[in-house]
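This is a predicted model, so every value here is computed, not measured. Sequence lines set the chain letters: A, B, ... in the order given, protein chains first and strands last, and positions in each chain run from 1.
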Number of protein chains: 2
Amino acid sequence: MNGHQVANIKQKKADIVSVATAANVSTSTVSRYFNHPELVKLVTRRRIETAVRKQGYIRNRAAQTIHGIRSGTIGVIVPTLDHAIFAEVVQSFSDTVAEQGFTILLASHGYDQQREYAILRKMLEHRVDGIVLTGLDHDDAVFRLIDSQTIPSILMWNYADDTRYPSIGSDNNSAGAMIAEHLLSQGHRDIACMFPPTRGNDRAQARFSAVMETLTDAGVSVPDHWQLTTVYSISDSKRDTLKLLNRTDRPTAIICGNDILATGALYGAAASGLRVPDDISITGIGDFKGSAEIEPALTTVRIPAKRIGSEAGLALSSAIINPGSVTTGLHCKPTLMIRSSSKPLNRE
Amino acid sequence: MNGHQVANIKQKKADIVSVATAANVSTSTVSRYFNHPELVKLVTRRRIETAVRKQGYIRNRAAQTIHGIRSGTIGVIVPTLDHAIFAEVVQSFSDTVAEQGFTILLASHGYDQQREYAILRKMLEHRVDGIVLTGLDHDDAVFRLIDSQTIPSILMWNYADDTRYPSIGSDNNSAGAMIAEHLLSQGHRDIACMFPPTRGNDRAQARFSAVMETLTDAGVSVPDHWQLTTVYSISDSKRDTLKLLNRTDRPTAIICGNDILATGALYGAAASGLRVPDDISITGIGDFKGSAEIEPALTTVRIPAKRIGSEAGLALSSAIINPGSVTTGLHCKPTLMIRSSSKPLNRE
DNA sequence: AATAGTTTTGCAAATGTTTTCATGAATGGA
DNA sequence: TCCATTCATGAAAACATTTGCAAAACTATT
């Protein structure tokens, strides 16, 4: 009867104690086996290894973490993963830090600053070793909360040199200015702008204001009805473009706040029977996958997402591993990609 | 001098003890304040609240976790985030489980089964409360490792009813069969196929074999030089399509393994001067963002990524919260989206 | 005012590890 | 063979919490 009972007993979860018992050593030795194997005699190592394998023991990082040992996690907070470009930057960040043994704790706030704060708190409860925020603008409470901790933190995606934490990314002002200058240099004066809502989106905000400023400085003004606010979506942008192009007064160029909008604009132009770039020039910002292959290939400003992600990963993981070191920001410069969707204006 | 020293002392990190001291209660009471506030008297609650705020105390989930309390994390392993479609499914999964208080621990293995195993181990070290794998096929060691734990696990993205863990997703066999049948029903017999490498990718594998089987059953055979293996990339697919279409023998339709390949194929056709669908029909699988808006709008099979992500999130979080319950798989059916990139063959 | 019941709190043990220090076991040199 | 090293291991304290149990502090009832 007792035997029966024993057989029924749920094999208790393996822990360091059960492994130690099985291997006939103390828990200290098992701990050392994992953390400083060179301090453990070979034959003992073998015994422990066997016990570990037999029991299927998996170390408990939570128990390590309460000793002040790093959790091995990095909190990454993005607005959304639904935009391919953020997914790309997260991917390369994740790959980079994974090489250093970190795993990422990922969450998105959907452009809601309240949620960002709540997510950050939760990540701190998990004792992440570092924090990555997307963009430069955040609720002051977010900054204060991070300040109150001792973990390194960086701002990824945008760059500016006067930021609260080191920023690694591209300067969206230059990106906006570049594309505006490009069209101006091609002789365009009748220019429409299509940008996503700028609220809670400092990237879009910076791009938009840089474009407008560049145009204004050149004496070009954009009438209100040529300033479109369109959510990040090919279909919305296609629709709005169609509406814009069906008016009697047509711009000779459309500056789009990102490549998704530009893609929709390209489709809209095609649908309304206009030829790009002969009848109208269209530009994007971002240089997303596919922008070089679309017909016509899109003129845009390349924001090097992969590079940003890996630089940020490198910077943050070394800040974690080497707490004394100073982490500095890094400007991953945007570059103008002139392709076939824009061309000099033919004055007749 | 003493005052000076005190001012210099690094304010020690707040923990439950320091909060308890400041609030003049025991640590038990502080713990209860967080976990069972209704058991704590109102005025005591107030005192604790003040102390917590003043010290900026943040609970340590690691310390909770070693008491067998859930970690509040779910491990999500995907092949890559670089494909918009995985990013989308992760996004909606994450949103769904976030509502239940879970945060996701995310990692990608880049279609490498060894890496998947290593990632899984790491996630178990973090004591995730549940595991999500992408696709049906995994190394047996992966399954055995999960089996040895007591946490729930699901397979996301694909569906089949004979899987080792509940699967939530679409049946890629039907998806492949659907699109092949569609083209057959339109009279196409000269059909080329362009698929990504199927190694380590059960989705692509299932789609491809279903397509081939459907065609063969209908008496249509695809010559070798019309079977293209092309990596997931618009530019590669555009290039390969161009090459294919420059031959003297041209198919009347191309079945692409996913919408990215199909997009590239569309561009390739445009670049080679062919009109879609008049000269050639092109189809995708996936119905990615933008596939409905591209010119011509892509005929494809819709795999409901958002729905898959949220159903999986729902299923897994309830399996975690309610450990007794049985989790069943769910087939999120693919649907044929007939748009403008395919049309019945004109026999002349 | 005494009693019984209820609510609130604290003590102490427990969780799964790491780490410091101390001890015992080998090893090498004389 | 003995002593001084060096190497390998263990005991126990520490980490930041939770929780079962018991004591204390209230309330309500008589």
Identify whether any heavy atom of [X] sits under 4.0 Å from a base atom; if not, whether one sits that close to sugar-phosphate; answer base, sugar-phosphate or nothing.
X: A:Arg32; value: base
X: B:Thr44; value: sugar-phosphate
X: A:Val25; value: sugar-phosphate
X: B:Tyr57; value: sugar-phosphate

Has [X] got a side-chain N or O lying under 4.0 Å from the OP1 or OP2 atom of [N]?
X: A:Asn60; N: C:dT15; value: no
X: B:Gln64; N: D:dT18; value: yes
X: B:Arg127; N: C:dG16; value: no

When you get a sec, tell me which of [options] is the closest nucleotide to the side chain of [X]?
X: B:Ser31; options: D:dT19, C:dA14, C:dT18; result: D:dT19
X: B:Thr29; options: C:dG16, C:dG10, D:dA16; result: C:dG10
X: A:Thr27; options: D:dT9, D:dT18, C:dT18; result: C:dT18
X: A:Ser26; options: C:dT18, D:dA11, D:dA16; result: D:dA11

Roughly, in whole Å, what's the span from [atom1] in [X] to [atom2] in [N]?
X: B:Ile66; N: D:dC15; atom1: CD1; atom2: P; answer: 13 Å
X: B:His36; N: C:dT9; atom1: NE2; atom2: C1'; answer: 14 Å
X: B:Leu39; N: D:dG20; atom1: CG; atom2: C1'; answer: 13 Å
X: B:Arg47; N: C:dT8; atom1: CZ; atom2: C1'; answer: 11 Å
X: B:Glu125; N: C:dT17; atom1: CD; atom2: C1'; answer: 13 Å
X: B:Arg45; N: C:dT9; atom1: CZ; atom2: C1'; answer: 14 Å
X: B:Arg59; N: D:dC15; atom1: CZ; atom2: C1'; answer: 18 Å
X: B:Asn35; N: D:dT19; atom1: CG; atom2: P; answer: 6 Å

Tell me which of B:Gly68 and B:Asn24 sits closer to the 5' end of DNA chain C, going by the nucleotide each one is nearest to.
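It is B:Asn24, whose closest nucleotide lies nearer the 5' terminus.
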
B:His67 or B:Leu42: which one's nearest nucleotide on DNA chain C is closer to the 5' end?
B:Leu42

Indicate the ring-plane relationship of A:Phe86 and A:His83, choosing parallel, tilted or perpendicular according to the 30° and 60° boundaries.
parallel

Using 30° and 60° as the class limits, which term best fits the ring planes of B:Tyr57 and B:Phe34: parallel, tilted or perpendicular?
tilted

Hey, mind stepping through A:Glu49 and A:Arg53 against salt bridge (Lys or Arg N to Asp or Glu O under 4.0 Å) and telling me if it holds?
CA-CA 6 Å; A:Glu49 200 183 320; A:Arg53 181 156 313 157; 3.5 Å; yes

Heavy atoms of A:Ala319 and A:Pro152 approach each other most closely as CB-CB, 3.9 Å

Applying side chain to side chain contact (heavy atoms under 4.5 Å, CB included) to B:Val97 and B:Leu316, what does each step give before you reach the verdict?
CA-CA 8 Å; B:Val97 299; B:Leu316 192 58; 5.6 Å; no

For a salt bridge (Lys or Arg N to Asp or Glu O under 4.0 Å) check, start with the C-alpha distance between A:Asp95 and A:Lys306, then their side-chain angles and the critical distance, and finish with the verdict.
CA-CA 10 Å; A:Asp95 281 352; A:Lys306 282 220 155 50; over 6 Å; no

Do the side chain of B:Ser28 and the base of C:dC11 come within less than 3.5 angstrom through a donor-acceptor pair of N or O atoms?
yes

